[in-house]
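Some notes on the structure that comes next.
Protein chains get the first letters and strands the later ones, always in sequence-line order, with residue 1 at the start of each.
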Protein chains: 2
Amino acid sequence: MSADKKEQIINAAIDLFSENGFEGTSVRELANQAGVNVAMVNYYFGSKEKLFEALVEKRSLFIREKLEQLAATETPTEIEKVDAVVDHYVNRLLLQHKFHRTITLELLLVKRENLHENITRIFARNKEILMTIIQAGIRKGEFREVDVELTIVSLIGSINQVMLSKSLCRLAIAGNNAFDPYTDEAFKKRLTTHIKQLMRAHLLK
Amino acid sequence: MSADKKEQIINAAIDLFSENGFEGTSVRELANQAGVNVAMVNYYFGSKEKLFEALVEKRSLFIREKLEQLAATETPTEIEKVDAVVDHYVNRLLLQHKFHRTITLELLLVKRENLHENITRIFARNKEILMTIIQAGIRKGEFREVDVELTIVSLIGSINQVMLSKSLCRLAIAGNNAFDPYTDEAFKKRLTTHIKQLMRAHLLK
DNA sequence: TTAAATTAAACAAACGTTTGATTAATTTTT
DNA sequence: AAAAATTAATCAAACGTTTGTTTAATTTAA
């Protein structure tokens with residue numbers, strides 16, 4: 001029972017934190033959505049804030065693997081690796097978009113800075129992998145000598161700009177007032193195609 | 001007296017909302033920072049939420065002008081206009097980074113969606129102008145036939161990714177653990193140079 | 001029969017907001 | 001021009017709610 005309820009609470013927390021933020025979500029609301037008694041949150045996690053920490057801890061473990069494997073796999077050209085990274089990154093962000101929004105929201109705020117370090121570690125690992133790939137391309141003479149760090153910023157930033165908020169996405173993409181950027185397959189294809197094109201134009205000699 | 005205090009309250013609100021979010025900022029905290037009595041917030045603005053609306057209303061008026069003027073000015077090539085847009089956009093975001101963060105934070109959340117429309121209008125106008133410039137470049141044969149909307153997403157996204165949060169910025173840019181992305185001139189130069197380069201590689205035939 | 005899980009109820013603290021009184025400034029009346 | 005009436009600005013105090021958390025009692029599981 002215990003593991004189940006803990007999981008339910010974490011899921012409810014991701015749902016609500018991603019939509020209303022940490023301060024905008026009450027423990028009662030959260031317990032109600034998880035279908036448990038209010039007291040269970042503090043019984044299992046100690047406090048609302050520690051629940052947040054546990055949430056980050058639990059979900060971030062799941063992330064790291066695939067990207068590393070992807071970077072280690074040999075490919076004929078380095079740009080193909082970049083393509084694969086774009087595909088993977090977009091897919092992963094779509095799959096975990098609520099979790100991703102939750103921790104990004106947290107990073108934008110100044111309160112609870114002790115949590116920032118934990119979140120930072122997740123991002124830092126991804127950055128390292130992307131750095132390795134692009135630097136390899138430069139060393140081999142396949143890529144231009146670009147600003148590697150800011151190239152990664154543009155790659156991630158392009159995705160975040162539309163993925164983090166439906167409002168922002170609807171704003172950027174005209175016409176589709178009712179579509180959901182997190183599930184629309186056509187949009188996903190359009191986004192990955194654009195970013196790959198952008199990176200190829202930017203990186204290739 | 002009235003105009004002064006209203007302005008003080010709005011300034012305090014931008015300061016605090018940008019760091020702690022709307023829900024994370026109490027009216028007492030806000031009034032204290034503004035140096036006014038707690039009651040004045042509701043006396044002048046009606047409610048905490050209406051203060052937010054007034055804040056958006058007031059500060060968004062200031063924004064529109066320069067970009068429009070910039071789009072209307074003739075230049076030898078269209079890419080020069082893109083360069084100017086990048087310079088202007090980065091400068092403007094730096095100048096108003098707290099306001100920009102405040103309204104972006106609001107867009108990421110789902111609560112208070114009535115406010116979203118007001119904020120959306122600000123972004124939409126900027127998008128229109130950027131669309132015009134890039135489409136002109138394509139029509140003249142100077143630019144490739146790129147995905148115009150997503151090109152704008154990449155331009156803005158590249159800036160937002162580092163500008164919205166010091167945590168995110170420190171994460172992206174190694175070594176400079178103590179530097180402030182909103183005031184560091186060298187970083188501003190580096191960012192604009194990168195984005196201009198990225199846009200040239202992406203747009204020019 | 002212990003120990004763990006779950007609950008309803010209660011807790012103090014903090015929340016946004018309203019109140020009624022007071023002062024300062026402005027307008028109206030004489 | 002002086003007095004009276006009206007309006008606007010400001011304040012401390014209190015309002016009723018909601019907040020995160022804790023307690024103490026009860027149920028469930030081992």
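- Not one side-chain nitrogen or oxygen of B:K5 sits closer than 4.0 Å to the OP1 or OP2 atom of D:dA9.
- Contact of the B:E68 side chain with the B:I129 side chain is registered, since non-hydrogen atoms from C-beta on lie closer than 4.5 Å.
- Distance CE (A:M40) to C1' (D:dT28): 12 Å, rounded to an integer number of Å.
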Contact string for nucleotides 13-18 of chain C, one letter per nucleotide 5' to 3', B = base within protein heavy-atom range under 4.0 Å, S = sugar-phosphate only, - = neither, reads --BBBB

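- In this structure, the CG atom of A:N32 is 12 Å from the P atom of C:dA8, given to the nearest Å.
- Within the structure, the side-chain hydrogen bond (donor to acceptor under 3.5 Å, both in side chains) test picks out the following pairs touching residues 147-159 of chain A (sequence neighbours left out): A:K127-A:E149, A:D147-B:R190, A:E149-B:R190, A:T151-A:H202, A:S154-B:S158, A:S154-B:H194, A:S158-B:S154.
- Listed by chain and residue number, A:H116 satisfy the side-chain hydrogen bond (donor to acceptor under 3.5 Å, both in side chains) test with B:S167 (two or more places apart in sequence, or in another chain).
- Looking at residues two or more places apart in sequence or on another chain, you find a side-chain hydrogen bond (donor to acceptor under 3.5 Å, both in side chains) between B:Y182 and B:R101.
- Take A:K48 and apply the salt bridge (Lys or Arg N to Asp or Glu O under 4.0 Å) test, not counting sequence neighbours, and it matches no residue.
- Remark: C1' of D:dA8 and CZ of B:F45 are 16 Å apart, rounded to the nearest angstrom.
- With sequence neighbours excluded, the residues that form a side-chain hydrogen bond (donor to acceptor under 3.5 Å, both in side chains) with A:T77 are A:E80.
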